[in-house]
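Note that the numbering runs from 1 along the sequence shown for the chain.
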Amino acid sequence: MNHRLKHRNAEHFRYEITTSRFTGSRSYAKRAFDVIHTPPVAPERFLDHLQSKKYRNAYLALEWVRFYSFKEGIRDLNLAVLNLAPDPTIRWMIFENREAITRATGWYPVVHGSRAHPSRLVKPSVAWVPSLGRLERLDAIANSGETGASFLLHGAEGDALFDFGFGTDSSANSSHHFAFRFLSHAHGDHSIGIWNALRNDNSPIFLSRTSVAFLTNFSDNAASTEALSRLTAIPDKSLLGLTPLSSGTRFFRVFHSPGSLGIQVNDTYGTSVTYFGDLCLRNGFHDFSQEALDIVTAPQATNRWVMLDATFAGRKRDSIEATDSPENILKDIATTASKRTVFFVNKLPEPLIYSYLQAFLLTRSPELHVPILLTQDLYKTLGALWLPVIRRSPAEIDPFIQAQLGSHTANFAESNRFYPLSASVLKQLPPNMASIIFCKPEDFDLVEGLTDRVKSANLVLTGALARESGLDSLPMLAKTAPRTILRVDTPDWSFHSDEDALAEFVRDITSRGGRVVLFHNHSSSLDRFIKKYNFDTSSVLRFSSSKTSIQLA
């Protein structure tokens, strides 16, 4: 049982006394308690000690304190886990004085970063998923390009909207009433239309908590954010996983962007429709192909339909010559960062977040204790990714995070080395202190002092940035002098399925009697893809760029 308490007149934090076991790293604490045998004082007196003159700034930087007391082997471990504001000087000061604090109080101070505050995330209402009855037809409202992606599934008892596109088509945002609506992920070509949709219809919208965090953090429209919190329904643990609901609908995680979900709708007549949104079957970060196939084949359906993102079908990617894998690049970043600052720059959220997570795990050893900074809007979303980890809800954990963490619970959202990329944090970091910075191109214009750190740093440009000549796309860096510039853009860094993986997946589905509907590409490119791999056009169909319908029965 936990007790949340207030220390004297302090208003800026609360503390907690817990009987649960601390699951984080305890190696430093064990070494300290091997030589220090001071009986623990009351938690109030420990906080009094931090309030003393020597540690006064740390006390003012407290955001939360949790006291753990438990036995491990023959040792009694008394840990005070401190969530401290993003000030590198204060966090390092407490770490340097950890043994002195233990000797004085009997409590070992475990330094954590700012609280991820998953409990403060927007909490939309939860709604039951209505049945659509017999599934009849699929309509492409918006297939790709300037209109984004949005689709309509018609059932005899109701209609469902899959994604919102850019909201340019009236069909997605009119007074049409839907049984429910679904957002696969928060990329603009799938999500921007959600704001108009929220104003025009109060039917439930199902999406992940991470997607809500993305939409909230990236929205400048307070009214829209408020509407999102009132009208959105999020699948909870009972709605996720491979067991269909009694309504015939289930949700599942998808490897593409953090928070990506897919949906599968089944009727009682043997028809199943699976929609992944955008999908990466495999890249240099993760292989999702077998899990995706298991999702498709799970229902006992005689009429199985699968909608697949075919962004790279029939298209040759203009890749540069570098063939470095994400693992090798990020290992090099982790090693180099002990000597000099490394910038990792990308325009998209998923390479930044997944690369941060891998770099965080690679730099957990004391010898590589370097600060890691992540652009602010993405920093705020980590709490949503951390929540299912601490809840121990595997069905909700991002597939890449689950593959990386395994049975560990490394706190990637509240690490004492993890900081938001801001001018105030940069001012506290000594100019010569090596760090790893994950950022977008616009951060060089928005964050004061960021370009000053590029000089003599290693610069890694990935994705579209790697293909652009010089530093034309980064004018703020034109006069800087990075030590090295590495350009990396291969399929291993893409978060869409490459053509070969897609073709193999389509073949796996059709060989099991399923039918595939391709989208997210031009009709001519999809036709070339179908012809190139000699697919049966009665089993592999495609949405054209204009509105099209596909009969399911």
Side-chain angles (χ1 to χ4, degrees), residues 12-13 57-58 60-64 82-95 111-118 120-121 210 213-220 222 225 258 333 337 340-349 351-353 355-357 359-360 363 369-386 411-460 474-477 480 482:
H12 64 289
F13 77 98
N57 287 339
L60 295 174
L62 287 174
E63 296 181 349
W64 194 263
L82 314 179
N83 287 108
L84 290 164
D87 187 319
T89 306
I90 289 173
R91 292 182 188 176
W92 188 250
M93 182 267 289
I94 291 294
F95 183 76
V111 181
H112 276 197
S114 287
R115 291 196 76 197
H117 290 299
R120 291 187 185 176
L121 296 170
T210 304
F214 270 119
L215 292 171
T216 303
N217 292 334
F218 284 94
S219 173
D220 295 324
T225 303
I333 286 176
R340 68 185 64 85
T341 292
V342 180
F343 280 83
F344 184 98
V345 191
N346 196 288
K347 294 180 177 180
L348 298 174
L352 292 173
I353 286 182
S355 295
Y356 156 72
L357 288 166
F360 165 75
T363 56
H369 192 90
V370 295
I372 306 179
L373 287 72
L374 180 65
T375 187
Q376 288 212 53
D377 45 17
L378 301 181
Y379 175 90
K380 293 177 183 178
T381 67
L382 266 291
L385 293 171
W386 174 238
N411 193 333
F412 56 80
E414 297 178 338
S415 167
N416 66 312
R417 299 186 291 117
F418 182 39
Y419 296 91
L421 180 57
S422 68
S424 59
V425 170
L426 290 176
K427 286 179 182 177
Q428 296 296 332
L429 284 175
N432 61 345
M433 187 175 196
S435 57
I436 309 175
I437 299 175
F438 295 90
C439 65
K440 299 177 181 178
E442 56 265 33
D443 289 314
F444 291 106
D445 290 309
L446 297 175
V447 181
E448 183 182 353
L450 186 58
T451 55
D452 297 338
R453 293 182 178 265
V454 176
K455 185 177 182 180
S456 299
N458 288 358
L459 194 62
V460 181
L474 302 170
M476 291 292 288
L477 300 186
T480 62

Taking all non-hydrogen atoms of both residues into account, name the closest pair between Leu378 and Pro349 and its distance.
CD2-CB, 3.7 Å

Residue pair Phe418, Tyr379: steps toward the ring-ring contact (aromatic ring centres under 6.0 Å, His included) verdict:
CA-CA 9 Å; Phe418 182 39; Tyr379 175 90; 4.7 Å; yes

Taking the side chain as C-beta and beyond, is there a heavy-atom pair between Lys455 and Thr480 under 4.5 Å?
no

At their closest point, which heavy atom of Arg115 faces which heavy atom of Glu414, and how far apart are they?
CA-OE2, 3.5 Å

Please tabulate, for side-chain N and O atoms in residues 421-436, each donor-acceptor pair with protein atoms closer than 3.5 Å (sequence neighbours left out).
unit_1 : atom_1 : unit_2 : atom_2 : d
Ser422 : OG     : Ser424 : OG     : 3.1
Ser422 : OG     : Val425 : N      : 3.3
Gln428 : OE1    : Thr89  : OG1    : 3.2

Are the side chains of Asn458 and Thr341 in touch, meaning some heavy atoms are under 4.5 Å apart?
no

Report yes or no: does Tyr356 contribute a side-chain atom to a donor-acceptor pair with the main-chain N or O of Leu373 at less than 3.5 Å?
no

Side-chain donor/acceptor of Asn83 to backbone N/O of Gly113, under 3.5 Å:
yes

Of the non-hydrogen atoms in Ala116 and Trp386, which two are nearest, and what is the gap between them?
CB-CD1, 4.4 Å

So, Phe343 versus Phe438, ring centres under 6.0 angstrom or not?
no

For Val370 against Ala337, the heavy-atom pair lying closest together
CG1-O, 3.3 Å

For the CG atom of Leu382 and the OG1 atom of Thr210, what is their distance to the nearest 0.5 Å?
9.5 Å

Scanning both residues in full, the closest heavy-atom pair of Phe360 with Asn411 reads CZ-O, 3.7 Å

Listed pairs under 3.5 Å, donor-acceptor, residues 442-450 side chains, sequence neighbours left out:
unit_1 : atom_1 : unit_2 : atom_2 : d
Asp443 : OD1    : Thr375 : OG1    : 3.0
Asp443 : OD2    : Thr375 : OG1    : 2.8
Asp443 : OD2    : Lys440 : N      : 2.8

With heavy-atom distances below 4.5 Å as the criterion, would you say the side chains of Ile437 and Phe344 are in contact?
no

Any side-chain donor paired with an acceptor under 3.5 Å for Arg417 and Thr363?
yes

Show the nearest heavy-atom pair for residues Ala61 and Ile90, with the distance to one decimal.
CB-CD1, 3.9 Å

Ser114: which of Pro86, Ser415, Pro420 passes side-chain contact (heavy atoms from CB on, under 4.5 Å)
Pro86

